[in-house]
Structures are given as structure tokens and as C-alpha cells.
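Taking it in order: structure first as C-alpha cells, then the write-up.
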Protein chains: 2
Amino acid sequence: MRMKVETTTDPALACPIGPVVDIVFSRWTTPILWSLHAHGRQRFVELERRITKITPKVLTQRLRQLERDGLVVRTYHPEVPPRVEYEISELGRSLAPLFAHLAEWSADHLDAVERARQDYDTA
Amino acid sequence: MRMKVETTTDPALACPIGPVVDIVFSRWTTPILWSLHAHGRQRFVELERRITKITPKVLTQRLRQLERDGLVVRTYHPEVPPRVEYEISELGRSLAPLFAHLAEWSADHLDAVERARQDYDTA
DNA sequence: CAGAATCCAGAGGGATACTG
DNA sequence: CAGTATCCCTCTGGATTCTG
């Protein structure tokens, strides 16, 4: 199962953090990682319910990608009915400070962005 | 000029860093901000040449968005031929530590992601 | 030079239905 | 439950052309 993972900007030279951004901040990955980080090991439906508006198809795609990148660990329990659990890997956990940093920036500067937008729109 | 800025995940409750991610890590914004941060004030063509593969149309769109969010400052010099310069704003500069953090994570863990991918693909 | 306007293709994502 | 399989459709981004 091949997946498209090419960087947004072809020459990574132009932007050293390009690859990381593709891995960590591509569509839906942040809510998924955050949910897994905040609420621990979860089943498919739990994630589906927690991350509103995501469809099972897309959730599966993103989880597969995160698993492939080693950020998430999938555990399949062969029972009836089947049970699958997802959790953050050690590698995924290493993102925690980064996310905290992001949350901090958000708390400090998000209102400034909002103000900038209003200034721009009224002008 | 209205622009679509809704978050990727509707309830920001599910992911507190959703809004920031949309602002800072949406398509092309990282290479643009990085280029502006690394090489200082630049003209349109300079950015266009530095960020390979981006078309003028898309570059314009993204620059407008960044300007609206207050991360980038656009200066228009009414000359012939016209000259326009872009630079990082104070608010944009506040992202520097975050980007450094990202680059650090990249240096430390990117190879682990690569190994995880190879393991996944061979299995 | 710094875009704006127009047209277009393709890929990703949504909705729905189905299965082991 | 945990997905897979289709179909469909939007929406981004590319190519091209034009202008103050």
C-alpha cells in the first residue's frame, strides 16, 4: 500500500522544517495525535467520536500514515467483535514539548492574529 | 476579500492547537516564513525564485493570507517598474523559537521516522 | 515587476453502503 | 466493531494570458 508522502516544497533545502511539517501537521494528524496524547490508548470508535467531523475512511488513512511514520502504535485483538487500540509511540511522545510550545504560542499570540485580521478586513 | 479560514477540525475543543496549525502550517506558509526569516526583506520575484515550484498566483494568495494574519508586512513602492517588498512582522518573528524547536526535533528524530517507514514497508 | 483574470485538471475528502 | 469499497464532488493548485 503506497502512500504519497512527498514534501510540499520539493527542495528541502529551501525549508529545513518542510519534512517535519508534512509528517506532524498534515491534515487531521494534529487532532489525532492530540487526542491520543490527552486521553491515552483508545479504540477506533472513540477516536471517531472524539474527533468530530472525520469520516471512518479518512481516519483510517491518517492512522495508517501515523503508524507507518512510527508515531502511533496499533494493536489488534483478534476477538469477536474485533478490538483495535491505538496509542502514541515513544517517538510520538517526543512531540509533546513541541505541542506544548505551540499551545503556549497560541495562548500568547492568537488574539494578536485575530486583531490583525480585523484591521485588515476593515481597511 | 473574504478568505476561508475555518479550522480543520470544527470543534477547537478537540484540539487546542488546531487554530495555530491552520495559521502557521497551512500549505506553503512554512517555506515562505522561513525564507523571509532566513534572508530578510525580499521582493516578490526573489521569493518566487527561492521557493521553487510555487506559482505566482499561489504565492500571492499565501502572502495575502500571511499579511492578513499579521505575520508578514507588505510594502508597496509606487515606482516604475513597481517594487514590492515583504518582510516578517514582529508577530511573525515571535515564531522563531518555535521553528527552531521544530528544526531540532527534525534533527533528532527524522531518521527514526525514516526507519519506521522502512520497517513498515518491508513488513 | 507584481500581480490579476481565466480556465482547467487532478487529487483528496465526503457520503453511503457493505463485510469479516 | 473496525474497517473496506464505491461513487461523487469540491477545491486547491497549475498553466496561460494579460496589465498598470
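Throughout, a chain's letter reflects where its sequence line sits, starting with A, and its residues are numbered from 1.
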Nearest-Å distance, [atom1] ([X]) to [atom2] ([N])?
| X | N | atom1 | atom2 | value |
| --- | --- | --- | --- | --- |
| Gln61(B) | dA2(C) | CD | P | 18 Å |
| Lys53(A) | dG13(C) | NZ | C1' | 14 Å |
| Ile54(B) | dG14(D) | CD1 | P | 8 Å |
| Leu63(B) | dA2(C) | CG | C1' | 11 Å |
| Gln65(B) | dT12(D) | CD | P | 11 Å |
| Leu59(B) | dA5(C) | CG | C1' | 17 Å |
| Ile51(B) | dG14(D) | CD1 | P | 12 Å |
| Ile32(A) | dG13(C) | CD1 | C1' | 14 Å |

When you get a sec, tell me which of [options] is the closest nucleotide to the side chain of [X]?
| X | options | answer |
| --- | --- | --- |
| Pro82(A) | dA2(C), dG13(D), dG20(C) | dG20(C) |
| Arg62(A) | dG13(C), dG20(C), dA2(C) | dG13(C) |
| Pro81(B) | dG13(C), dA2(D), dC1(C) | dC1(C) |

Phosphate oxygens OP1/OP2 of [N]: is one of them under 4.0 Å from a side-chain N or O of [X]?
| X | N | answer |
| --- | --- | --- |
| Thr55(B) | dG14(D) | yes |
| Arg74(A) | dG3(D) | yes |
| Tyr86(A) | dG3(D) | yes |
| Arg64(A) | dA2(D) | no |
| Arg27(B) | dG13(D) | yes |
| Arg43(B) | dC1(C) | no |

NZ/NE/NH1/NH2 to OD/OE distance under 4.0 Å, Asp119(A) and Arg115(A):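 Not counted as a salt bridge, because no side-chain N and carboxylate O are separated by less than 4.0 Å.
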
Side chains of Arg62(B) and Gln65(B), donor plus acceptor under 3.5 Å: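 There is such a pair between these side chains.
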
Aromatic ring pairing Phe99(B)/Trp34(B), orientation class (parallel under 30°, perpendicular over 60°, tilted between):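 Rings of Phe99(B) and Trp34(B): parallel, as their planes differ by under 30°.
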
Any Leu36(B) side-chain heavy atom under 4.5 Å of Leu66(B) side chain: no

Side chain Lys57(B) and base dG14(D) donor-acceptor under 3.5 Å: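 Side chain to base: pair found, below 3.5 Å.
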
Glu87(A)/Val72(A) under side chain to side chain contact (heavy atoms under 4.5 Å, CB included): CA gap, chis, key distance, verdict: CA-CA 6 Å; Glu87(A) 60 182 324; Val72(A) 159; over 6 Å; no

